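Please read the structure below before turning to the comments.
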4 protein chains.
Amino acid sequence: MAHKRDREATRAKLLECSRLRFARDGYDGTSVRDVAGDVGVDPALVFRYFGSKSGLFTEAMAGSSEPVILPDGPVEELPAKLMRQLVFEDWAEYAGEHPLIAMLRSAGHEDMKDRLRQQVCEGYLDVLSDLAEGNEDKNLRTELFAAWLLGIGILRTAVGTPTLAKATEDDLRPHLATVAEALFGREVPVD
Amino acid sequence: MAHKRDREATRAKLLECSRLRFARDGYDGTSVRDVAGDVGVDPALVFRYFGSKSGLFTEAMAGSSEPVILPDGPVEELPAKLMRQLVFEDWAEYAGEHPLIAMLRSAGHEDMKDRLRQQVCEGYLDVLSDLAEGNEDKNLRTELFAAWLLGIGILRTAVGTPTLAKATEDDLRPHLATVAEALFGREVPVD
Amino acid sequence: MAHKRDREATRAKLLECSRLRFARDGYDGTSVRDVAGDVGVDPALVFRYFGSKSGLFTEAMAGSSEPVILPDGPVEELPAKLMRQLVFEDWAEYAGEHPLIAMLRSAGHEDMKDRLRQQVCEGYLDVLSDLAEGNEDKNLRTELFAAWLLGIGILRTAVGTPTLAKATEDDLRPHLATVAEALFGREVPVD
Amino acid sequence: MAHKRDREATRAKLLECSRLRFARDGYDGTSVRDVAGDVGVDPALVFRYFGSKSGLFTEAMAGSSEPVILPDGPVEELPAKLMRQLVFEDWAEYAGEHPLIAMLRSAGHEDMKDRLRQQVCEGYLDVLSDLAEGNEDKNLRTELFAAWLLGIGILRTAVGTPTLAKATEDDLRPHLATVAEALFGREVPVD
DNA sequence: CATGAATGAGATTTCATTCAT
DNA sequence: AATGAATGAAATCTCATTCAT
């Protein structure tokens, strides 16, 4: 029982540390040895637990599909919530960026592109599309809004564009309102 | 046939092939061996010509700062032009994506982040900011619009979101109009 | 047989074989592959254990600072002892030469020159200087005598001068007596 | 005729520059490219002129057998002359050291050991042996004296022992007298 | 089961050298 | 004869991964 506990604790620690590394340094920039070193265990354990480096990555990034959104509350509040989450929340475990943006750093590998798409679709587009209800090109509008949020996040943290890098939530609020209204054809609260 | 031993031709071919590889597989996913193999020369030649793998990358990606649109037309036409370039133009040499999006794939390394920022700022923001003239938060608006274009490009090609991946220029035109107007506070032609 | 996977044994064997190679072929003339091949292990192991080729060299040659004679006998006997050690002892692990002479073969690199100087000073000059006690230019005399021993060793093994290469200890004994007396101003036993 | 002259001039310059490099950095530490670069010609010329890197080395170091000694004057003056040459003369072309000591830096390669031996024997031992005339072990005495000079040179420049590195000719003069007398059994002038 | 010794493939890079022109 | 483009072999080193214990 104590053993079981240790095993699970080690697994969890490996996942946690690897998330940070993968997010900060990308898949290629992270070595199994580094991750194992962070936790203080032998690299071979990683292979026992996760089969391969890729397996570790999959499981580490899979954990990030959960925290996406809490779909309670009215749909109108979604844009503001999502922006806060994608752009302003500090994902400490993911080197300060939202997991999706962190994953982009490893998008060279084909299978990670798939994972990415799946998470974007299930985690974001599905939730957002309710907002576009009533428009003919509902899905396109939804994706265009998601693209905007994603682009902002990328310019802010991955590229480090001067103004956005320092912008606060208050700075963006009014523009969120106008763009959301432009795309969804309805007013959204942004406070 | 006339040029078997032609330094410039070989150099150019190396640059061309490396662009494709770097864009498709990222910096880490591309090996000098691969690039040299594509051209059919010995890997050592790459080092002779470019000093290092990093030198090759720099020079390969430097070519991508030129093709930015020069503002010889009226500023109002810029949004449409930029969208065509960023989202719809087929950059064959860069694996079908715009070079900037391709470069994101290698943004794990700190110095490439710098290069990226510089290109975004000088190549795009500087040109676009004229459009936001007259607004108090001119720079923020400019960056927000650029973020949108970039996000669209990423969802389209890097993530492969279902609707955007298949969208045509005509599909996006009306939305471009409303969003640009929302951000810049002026009408822009999108034809 | 009992030890197939024995870290310390493998380490020791690597050190032993590398000593021989470094001594015989010099630093540049020795490749990590060669050393690993001698022991029958993968070259990567060398880097795991010693970090780098230079680390291997350092550790291999560090073993050579110990075997210097400790002055437990009377100082008068030092010259004879040192000559035996420097000139006539067969350092099998170091390709038959005294480690110091072997190290000279790698003295092209600046840091190895430093290591060499330190070993000569601490290992030999410090011990010998007692013999020159009472003379005004004590240190110079000490170094001049050390120079002689070193020179003999070099001509014998590194250059292979005809007479010295075949000389026995008995052949040199009388000359050791006269030169030591000339430099130190006192009689030294040479039997 | 002009061509001939250029060719010879380039050859000479290559030899000169390579001497310096070989002496300073050793055989392995010197690249054909470096040498050619010093002179400002294409590396391929080295191969046209000298066949190989080794050929260049041979010819470069062969030039050093000439300046050895001027066997005019009485034999008694030889020790002082040789010491001046081996220990105190500044061989600018050979990085400040006597060619023989410089060559030791490349003594890892077997064929250089041979070259070294030949030069020591023909250039030094043959000349010196006259001084030992009349002693039974004439050759041994000669080699022992040569060993001393060589050892002094090595400690001075290659090892950098504290006192010898700064010693002047005057400092060594008296010891030269006593040691030479001890070995050759006759007085030698040292002024 | 877990540990750590060991492996093998592959990456970047350097260098002496040869082949066309 | 000379230039410079091109080559091939080898070196150091890293990493994911497997094999004994």
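Since we're looking at a predicted model, the values are computed, not measured. Sequence lines set the chain letters: A, B, ... in the order given, protein chains first and strands last, and positions in each chain run from 1. The figures that follow rest on heavy atoms only: side chains count, while hydrogens, waters and symmetry mates do not.
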Rounded to the nearest Å, what distance is computed from the [atom1] atom of residue [X] to the [atom2] atom of nucleotide [N]?
X       : N      : atom1 : atom2 : answer
D:Leu56 : E:dT17 : CG    : C1'   : 14 Å
A:Phe57 : F:dT17 : CZ    : P     : 14 Å
B:Asp25 : E:dG10 : CG    : C1'   : 16 Å
B:Glu8  : F:dG4  : CD    : C1'   : 13 Å

| A:Ile101 vs A:Tyr94, side chain to side chain contact (heavy atoms under 4.5 Å, CB included): CA-CA, chis, key distance, verdict | CA-CA 9 Å; A:Ile101 296 175; A:Tyr94 295 86; over 6 Å; no

| Within 45° of the ring axis of B:Tyr27 and under 6.0 Å from its six-membered ring centre, is that where the NZ or CZ of B:Lys53 lies? | yes

With a cut-off of less than 4.0 Å, is there a side-chain N or O of [X] near OP1 or OP2 of [N]?
X       : N     : result
D:Arg7  : F:dA1 : yes
D:Tyr49 : F:dA1 : no
C:Thr10 : E:dA6 : yes

| query | For A:Arg105 and A:Phe22, what are the C-alpha separation, side-chain angles and deciding distance, and is it a side chain to side chain contact (heavy atoms under 4.5 Å, CB included)? | reply | CA-CA 8 Å; A:Arg105 206 153 277 152; A:Phe22 283 135; over 6 Å; no

| field | Partners meeting side chain to side chain donor-acceptor pair (under 3.5 Å) with A:Asp34 (sequence neighbours left out) | value | A:Ser31

| Residues that D:Arg115 engages under side chain to side chain donor-acceptor pair (under 3.5 Å), provided they are two or more places apart | D:Thr58

| field | Any residue meeting side chain to side chain contact (heavy atoms under 4.5 Å, CB included) with B:Phe50, in chain and number order, not counting sequence neighbours | value | B:Arg11, B:Leu14, B:Leu15, B:Val46, B:Leu56, B:Glu59

| By side chain to side chain contact (heavy atoms under 4.5 Å, CB included), which residues pair with B:Leu20, not counting sequence neighbours? | B:Arg24, B:Ala95

| query | Can you give one letter per nucleotide of nucleotides 9-16 of chain F, going 5' to 3': B for a protein heavy atom under 4.0 Å from the base, S for sugar-phosphate only, - for none? | reply | -SSBBBBS

| Through what angle, rounded to 10 degrees, does the axis of the helix from E:dA2-F:dT21 to E:dT21-F:dA2 turn between its ends, using five pairs per end? | 30°

| field | Verdict with reasoning, B:Met112 to B:Phe57, per side chain to side chain contact (heavy atoms under 4.5 Å, CB included) | value | CA-CA 10 Å; B:Met112 294 171 194; B:Phe57 183 83; 3.7 Å; yes

| request: Scan D:Leu45 against the nucleic acid and name what it touches under 4.0 Å (heavy atoms): base, sugar-phosphate only, or nothing. | output: sugar-phosphate

| message | Taking C:Val35's backbone N and O only, do any of them form a donor-acceptor pair with C:Ser18's side chain (distance below 3.5 Å, no angle check)? | response | no

